[in-house]
Amino acid sequence: MQESVMQRMWNSAHLSGGNAAYVEELYELYLHDPNAVPEEWRTYFQKLPNDGGNTTDVPHSPIRDHFVLLAKNQRRAQPASAASVSSEHEKKQVQVLRLIQAFRARGHQAAKLDPLGLWQRQVPADLTIQNYGLTDADLDTTFQTGELFIGKEAATLREIVQSLQDTYCRTIGAEFNHITDSEQRKWFAQRLESVRGRPTYSRDAQAHLLERLTAAEGLEKYLGTKYPGTKRFGLEGGESLIPMVDEIIQRSGSYGMKEIVIGMAHRGRLNMLVNTFGKNPRDLFDEFEGKKVEGLSSGDVKYHQGFSSNVTTPGGELHLAMAFNPSHLEIVSPVVEGSVRARQDRRLDPNGDKVLPVSIHGDAAFAGQGVVMETFQMSQIRGFKTGGTIHIVINNQVGFTTSNPLDARSTEYATDVAKMIEAPILHVNGDDPEAVLFVTQLAVDYRMQFKRDVVLDLVCYRRRGHNEADEPSGTQPLMYQQIAKQRTTRELYADALIKAGAQTNEDVQAKIDEYRTALDNGQHVVKSLVKEPNPDLFVDWTPYLGHAWTARHDTRVPLDKLREIAAGLTRIPEGFVVQRQVGKVYEDRQKMTAGAMPINWGYAETLAYATLLHDGHPVRMTGQDVGRGTFSHRHAALHSQKDATTYIPLKNLFEGQPRFDLYDSFLSEEAVLAFEYGYATTTPNALVIWEAQFGDFANGAQVVFDQFISSGETKWGRLCGLTVLLPHGYEGQGPEHSSARLERYLQLCAEHNIQVCVPTTPAQVYHMLRRQVVRPLRKPLIALTPKSLLRHPLAISTLEDLAEGSFQTVIPEVDAVDPAKVERLIMCSGKVYYDLLTKRRNEGRDDTIIVRIEQLYPFPEEDLAEIIAPYKNLKKVIWCQEEPMNQGAWYCSQHHMRRVASAHQKGLFLEYAGREASASPACGYPSMHAEQQEKLLHDAFNI
Ligand code: AMP
């Protein structure tokens with residue numbers, strides 16, 4: 001048996017002073033990756049006094065001293081002459097281990113990843129043997145392989161280098177050395193090296209790959225001939241995507257996966273829908289011919305459409321969902337995550353064993369869009385994680401017309417952002433379908449084992465322009481000269497298989513003909529498609545379809561029941577020590593239940609959640625600081641002062657209760673809101689809430705409001721009951737955080753797409769939240785919520801108000817007034833109401849009533865008309881708001897109020913009392929704020 005490195009080193013007094021430097025290098029290697037050094041060295045290093053485990057920051061001096069001491073002892077024990085015979089070899093041995101490490105870390109930089117062969121990259125010096133003081137003369141010397149997984153303990157340098165080049169520098173570029181966890185790094189090294197980067201696939205597998213490529217290419221050719229010049233954002237140049245996604249589905253199916261949700265932009269989407277999801281080609285042709293989808297008022301272009309189907313896999317039937325996608329790149333990724341998390345929650349699948357997210361990106365958008373980073377950030381956060389996402393970058397090396405990396409990014413690869421969460425990145429040359437298959441298998445296996453994100457960078461090209469009507473050679477002359485010469489992926493692979501005797505010309509042609517015939521006949525082209533899908537695999541939305549916004553509902557909960565529920569809500573476990581003020585909040589809540597105190601906002605809100613849970617509806621709430629509430633009104637999560645454990649009463653109401661999920665979110669608005677949109681569009685029976693810390697924080701998520709929340713139903717028929725709470729109110733706090741930009745939401749309103757409410761009492765917020773779920777209608781709710789009003793002595797309700805009543809879209813005058821005397825009607829929303837009320841009471845004005853519009857959209861014209869009907873002598877009708885004239889409800893809602901006023905009494909004119917138009921939402925000086933506020937109140941009563 002061959003002598004081990006360790007033995008030889010010891011025997012040759014390797015640890016003598018002269019060799020200490022090399023051992024130190026070996027030690028450094030070990031610190032970087034314990035698996036990079038042979039087992040016996042690892043064991044040895046582990047026992048060293050100052051072994052820092054896996055940190056590279058360990059000072060070396062104690063180690064060096066340790067070796068010097070050892071060496072002294074060695075010298076004493078051994079004759080000096082035995083030393084240097086093999087010490088030269090041992091030095092080289094260490095360098096060989098370093099070389100192996102270098103290939104693992106940087107081999108991808110020498111890999112042939114670009115199918116067009118246009119990349120000009122220098123092979124890093126540390127991938128050459130010379131870099132390590134080795135020469136060609138060493139090539140036939142045998143070295144220990146360390147933990148190079150090539151099935152032998154020792155090999156010649158020539159074989160070691162060859163195996164490294166085969167593994168790391170062919171058509172796969174594997175980046176995994178940035179992962180801190182050595183088990184994961186070892187996993188990749190082992191999987192890649194053991195097959196030298198290229199497993200042998202069976203003839204059946206090869207035939208299947210070719211069939212999939214034939215389908216991918218066949219569809220584009222067919223559409224190109226049938227609808228020349230029509231935009232379809234074809235996949236040509238990236239056809240390997242189809243076998244890649246196919247493999248993800250089949251392989252994860254064999255792991256027992258039950259659902260996969262895929263998000264992708266326009267490129268290749270039609271191809272995927274027909275060739276992977278089994279969309280009937282005839283339906284696609286109808287779309288090319290401009291046929292409208294019944295029931296959608298606006299609809300969307302075909303390459304934004306979602307789709308659902310079920311396919312068979314080795315592990316059983318699997319449900320596939322393609323998310324609807326707007327043109328705004330990358331924003332669908334967090335929506336997919338939210339949808340997946342909702343499905344996992346429904347299936348009680350906390351580890352992500354049953355539902356898999358797949359996000360397909362473009363290279364330019366992946367590098368350019370900030371929401372990519374936000375989505376990665378959520379990947380391991382407890383409120384948002386989904387057990388790992390498989391990301392695919394269709395890297396066609398062009399972002400519309402921008403292909404020069406100097407203009408596209410500051411990083412080497414388009415995928416570098418993924419390293420922020422240490423995701424492994426597998427680059428692969430799209431013209432090598434077997435390499436594509438292999439990295440896909442690795443990605444699925446990695447995700448299933450480690451439950452973390454993984455990125456597949458499919459390096460390909462775009463055979464045509466940005467779309468089929470676009471001419472790319474004007475901006476990318478050299479690239480497109482090469483593309484004109486480039487044979488297709490299918491042709492190249494078919495030739496290779498024919499050459500290897502795995503396929504015949506006839507086999508290849510038969511695949512082409514078969515596919516074309518299926519398309520001619522308008523047949524499904526996915527063999528695994530389930531014709532009668534198992535409906536248990538997805539949610540039934542039919543109970544929520546077809547309801548008018550006035551749908552009947554009853555949000556009451558009988559008083560006794562309410563008290564019983566309240567008891568659970570205010571119960572704190574024995575021995576759980578809460579902070580003093582929080583304890584007071586809970587004591588007050590007990591008094592409120594007993595009727596000894598009026599109900600305040602925070603309690604009414606939490607009672608809404610508790611009663612919904614009792615009704616069987618799950619509740620999910622996220623946002624910045626939602627547990628406590630930005631303004632400390634909620635205290636839904638209690639923190640033990642003894643041991644910092646958390647107790648959430650709403651989670652502990654009764655045995656077998658529905659989920660109550662409450663998560664303080666990370667500091668993102670865009671991705672988090674998109675996530676919650678995805679969650680809500682997948683969970684119709686739940687109350688799903690996102691709360692902005694201050695209302696204007698939602699500015700950072702504007703795209704989600706525009707592209708999804710306000711228009712998802714009319715574009716795609718996707719219902720959504722998401723609730724968004726936006727703290728709003730002018731309290732002299734300056735331009736930021738005063739305004740939730742009400743006007744933006746009102747401007748988005750049409751066709752009863754969303755609801756915009758501004759509740760002003762605890763009972764109103766209670767009934768509004770309950771209505772959102774109790775009513776079968778699913779419409780997004782934008783609710784402007786208060787700040788100072790949370791503790792305003794007049795903004796109170798009684799338990800009876802909660803037990804009885806309902807959400808009032810308009811609240812009539814609350815004081816007893818004689819209608820005959822009333823000449824002035826002031827309408828308003830939100831906090832200003834209490835200022836107006838106080839002023840009127842102080843001034844004893846009995847000619848004025850104040851009516852609150854609590855739902856600004858859909859505007860309750862009928863309710864308002866009914867409420868003002870008794871006031872026959874009105875001379876003045878005023879809309880009063882705190883916001884500047886160009887903001888708030890004035891411009892967007894006045895036509896409704898005018899209509900009601902003029903119907904009430906001909907010639908009745910609507911007037912405005914509020915701040916002057918302003919570029920900024922609010923002023924920054926408290927004194928100016930106070931003056932403005934006083935003036936608008938004065939105007940309301942004196943115009
Ligand atoms: P999915 O699991 O997302 O593929 O959805 C399965 C089916 O449920 C879809 O084909 C739709 O018919 C229906 N569906 C899903 N989500 C919604 C929604 N937000 N609004 C209306 N119907 C939906």
Side-chain angles (χ1 to χ4, degrees), residues 245 249 253 257-264 269 272-273 276-280 283 293-300 304-311 317-326 332-347 349 354-359 386 526 529-547 549 551 618 620 674-688 704 707-723 751-754 772-773 775-781:
V245 175
I249 294 167
M257 200 59 75
K258 290 288 159 234
E259 291 183 73
I260 297 182
V261 185
I262 300 182
M264 73 184 292
R269 193 177 177 98
M272 178 92 89
L273 290 181
T276 307
F277 278 68
K279 178 170 178 160
N280 194 323
D283 294 339
V293 178
E294 284 298 311
L296 296 183
S297 65
S298 69
D300 202 348
H304 290 164
Q305 299 294 345
F307 197 75
S308 310
S309 64
N310 286 15
V311 293
E317 193 172 331
L318 182 148
H319 178 65
L320 288 175
M322 167 76 81
F324 290 83
N325 187 62
V332 81
S333 304
V335 175
V336 164
E337 298 298 329
S339 177
V340 166
R341 177 64 181 248
R343 292 166 205 259
Q344 291 174 346
D345 286 352
R346 185 165 67 231
R347 290 173 174 278
D349 172 28
K354 301 279 175 245
V355 193
L356 173 73
V358 176
S359 272
T386 51
V526 172
L529 185 72
V530 177
K531 302 285 163 28
E532 284 181 22
N534 174 3
D536 294 343
L537 287 175
F538 49 87
V539 171
D540 179 14
W541 277 78
T542 48
Y544 307 96
L545 302 177
H547 300 285
W549 73 273
R620 175 181 164 92
F675 184 102
E676 299 308 334
Y677 171 82
Y679 198 103
T681 45
T682 312
T683 318
N685 66 332
L687 177 65
V688 182
V704 187
Q707 260 90 345
F708 291 95
I709 293 175
S710 64
S711 56
E713 186 180 344
T714 60
K715 289 192 293 191
W716 312 317
R718 277 307 200 249
L719 304 177
C720 174
L722 180 66
T723 296
E751 304 179 75
H752 295 158
N753 57 340
I754 58 174
Q772 185 66 355
V773 187
R775 188 166 60 168
L777 182 78
R778 290 293 171 264
K779 295 274 181 191
L781 165 64

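Counting starts at 1 for both ligands and their atoms, following the listed order. Note that the structure is predicted; figures quoted are calculated from it, not measured.
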For this session: Measure the shortest side-chain to side-chain distance between Val539 and Thr682 over non-hydrogen atoms and say whether it is less than 4.5 angstrom.
Result: no
Problem set entry | Contacts of Lys715 that satisfy side-chain hydrogen bond (donor to acceptor under 3.5 Å, both in side chains) - sequence neighbours left out | Ser711
Exercise. Partners of Phe538 by ring pair (Phe, Tyr, Trp, His ring centres under 6.0 Å), sequence neighbours excluded?
Worked result: His319
For this session: Specify whether Phe708 and Tyr677 have parallel, tilted or perpendicular ring planes, treating 30° as the upper limit for parallel and 60° as the lower limit for perpendicular.
Result: tilted
Exercise. Mind checking what residues have non-hydrogen atoms under 4.0 angstrom from ligand 1?
Worked result: Ser308, His319, Ala321, Arg343, Phe538, Val539, Trp541, Thr681, Gly717, Arg718, Leu719
For this session: I would like to know whether Asn310 and Glu317 meet side-chain hydrogen bond (donor to acceptor under 3.5 Å, both in side chains); could you show each step before the answer?
Result: CA-CA 7 Å; Asn310 286 15; Glu317 193 172 331; 2.7 Å; yes
Problem set entry | Residue list, side-chain contact (heavy atoms from CB on, under 4.5 Å) with Arg269, at least two apart or on another chain | Met264, Met322, Asn325
